[in-house]
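Note that the structure is predicted; figures quoted are calculated from it, not measured. What you see below is based on every heavy atom in this structure, not just the backbone, and it leaves out hydrogens, waters and symmetry mates.
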Amino acid sequence: MSEKKIAPFSLDFNLITGMCDSGKAKPTRRFVSNMVKQFNDTAAAEEIVKNGDQPIYDFYELDQIPETGGDLKFGTSIVFPGKVGDEYFMTKGHFHTLLDTGEVYFCLSGQGAMLMETPEGEVSLIEMKPGEAVYVPPRWAHRSINTGKEKLVTFFVFRADAGHDYGTIEQKGYRKLVVERDGKPTMIDNPRWDA
Ligand code: NI
């Protein structure tokens with residue numbers, strides 16, 4: 001089926017930092033300025049941007065892997081510790097464009113949670129800690145949230161043609177938010193969720 005093929009290869013990922021120390025792969029970085037509207041406290045996000053911005057996460061995508069149904073995309077995601085207002089730093093979150101495709105995230109270091117929801121409104125929040133794998137089934141949007149004081153580092157694998165639908169989450173938001181309450185991560189309803 002596929003015209004593009006890739007030869008076998010290997011790649012290093014640091015088990016603590018998640019970085020590809022050899023430089024064979026290059027990460028993409030997302031800043032608060034890339035996600036102002038995704039945080040509940042937009043004013044707090046704008047304040048951070050005004051004061052010079054802050055990185056929220058790095059991730060490796062491995063563009064060299066063809067986007068076919070037989071290939072697998074993999075890489076690491078590194079979410080920095082921090083908050084916007086009382087909401088923890090998190091990834092943008094996405095559905096897969098091919099909705100019926102799942103994903104595995106294995107936590108290498110740090111502390112956090114995977115927030116997931118389906119288009120029908122089911123919600124799941126699963127703790128991420130080193131040595132634990134989280135299974136994201138088909139149809140579930142997924143977002144990593146760093147609730148700890150170190151970087152949250154995960155290794156992920158998904159079907160290479162799954163694609164990323166960021167737009168649905170950007171427009172509607174998630175139904176739930178994870179915020180700090182009395183020093184602890186707490187899931188609350190998103191007051192700005194747009195059905
Ligand atoms: Ni995904």
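Note that CG of Asn146 is 10.5 Å distant from NZ of Lys83, once rounded to the nearest 0.5 Å. Summarising the geometry, atom OG1 belonging to Thr186 is positioned 8.5 Å from atom CD belonging to Glu180; distances are rounded to the nearest 0.5 Å.
The closest side-chain heavy-atom distance from Asp189 to Pro191 is not below 4.5 Å. Taking 4.5 Å as the limit, some side-chain heavy atom of Met116 sits within range of a side-chain heavy atom of Val136. Residues Phe155 and Phe13 meet the side-chain proximity criterion, which asks for heavy atoms closer than 4.5 Å. Counting only heavy atoms from C-beta outward, the side chains of Pro119 and Arg139 approach each other to under 4.5 Å. Taking the side chain as every heavy atom from C-beta outward, Ser77 and Thr91 approach each other to under 4.5 Å. Looking at Asp12 and Asp21, their side chains come closer than 4.5 Å, going by heavy atoms from C-beta outward. Contact annotation: the side chain of Lys151 never approaches that of Val79 to less than 4.5 Å [non-hydrogen atoms, C-beta and beyond]. Annotation: side chain of Val104 is not in contact with side chain of Phe156 (no heavy-atom distance under 4.5 Å).
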Less than 3.5 Å apart, which donor and acceptor atoms pair up between the side chains of residues 25-32 and the rest of the protein, not counting sequence neighbours?
from  : atom 1 : to    : atom 2 : distance (Å)
Lys26 : NZ     : Gly23 : O      : 3.2
Arg29 : NE     : Asp58 : OD1    : 2.7
Arg29 : NH2    : Asp58 : OD2    : 2.9
Arg30 : NH1    : Tyr57 : OH     : 3.0

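His94 places no side-chain N or O within donor-acceptor distance of the main-chain N or O of Lys92, the cut-off being under 3.5 Å. Of the possible donor and acceptor atoms, one in the side chain of Arg192 sits under 3.5 Å from a partner among the backbone N and O of Phe39. In terms of modelled atom types and a separation under 3.5 Å, the side chain of Thr76 and the main chain of Gly18 share a donor-acceptor contact. Side-chain atoms of Asp71 never come within 3.5 Å of backbone atoms of Glu67 as a donor-acceptor pair (strictly under, hydrogens ignored). Side-chain atoms of Tyr60 come within 3.5 Å of backbone atoms of Cys20 as a donor-acceptor pair (strictly under, hydrogens ignored). Judged by distance alone, the side chain of Asn190 and the main-chain N or O of Tyr174 form a donor-acceptor pair under 3.5 Å.
If you check the side chains of Thr68 and Asp161, you find no donor sitting under 3.5 Å from an acceptor. In the model, Ser33 has a side-chain atom that pairs as donor or acceptor with a side-chain atom of Asp53 under 3.5 Å. Side-chain polar atoms of Glu103 and His96 form a donor-acceptor pair below 3.5 angstrom.
Put simply, Phe59 and Val157 are part of two different groups of oily side chains (I, L, V, M, F, W, Y) that touch within less than 4.5 Å, one to the next. Note on Val153 and Met128: separate hydrophobic clusters, where clusters join Ile, Leu, Val, Met, Phe, Trp and Tyr whose side-chain heavy atoms are under 4.5 Å apart, directly or indirectly.
Cation-pi geometry between Lys73 and Phe158 is not satisfied (NZ or CZ under 6.0 Å from the ring centre, within 45° of the ring normal).
Here the two rings, on Phe80 and Phe89, have centers that are 6.0 Å apart or farther.
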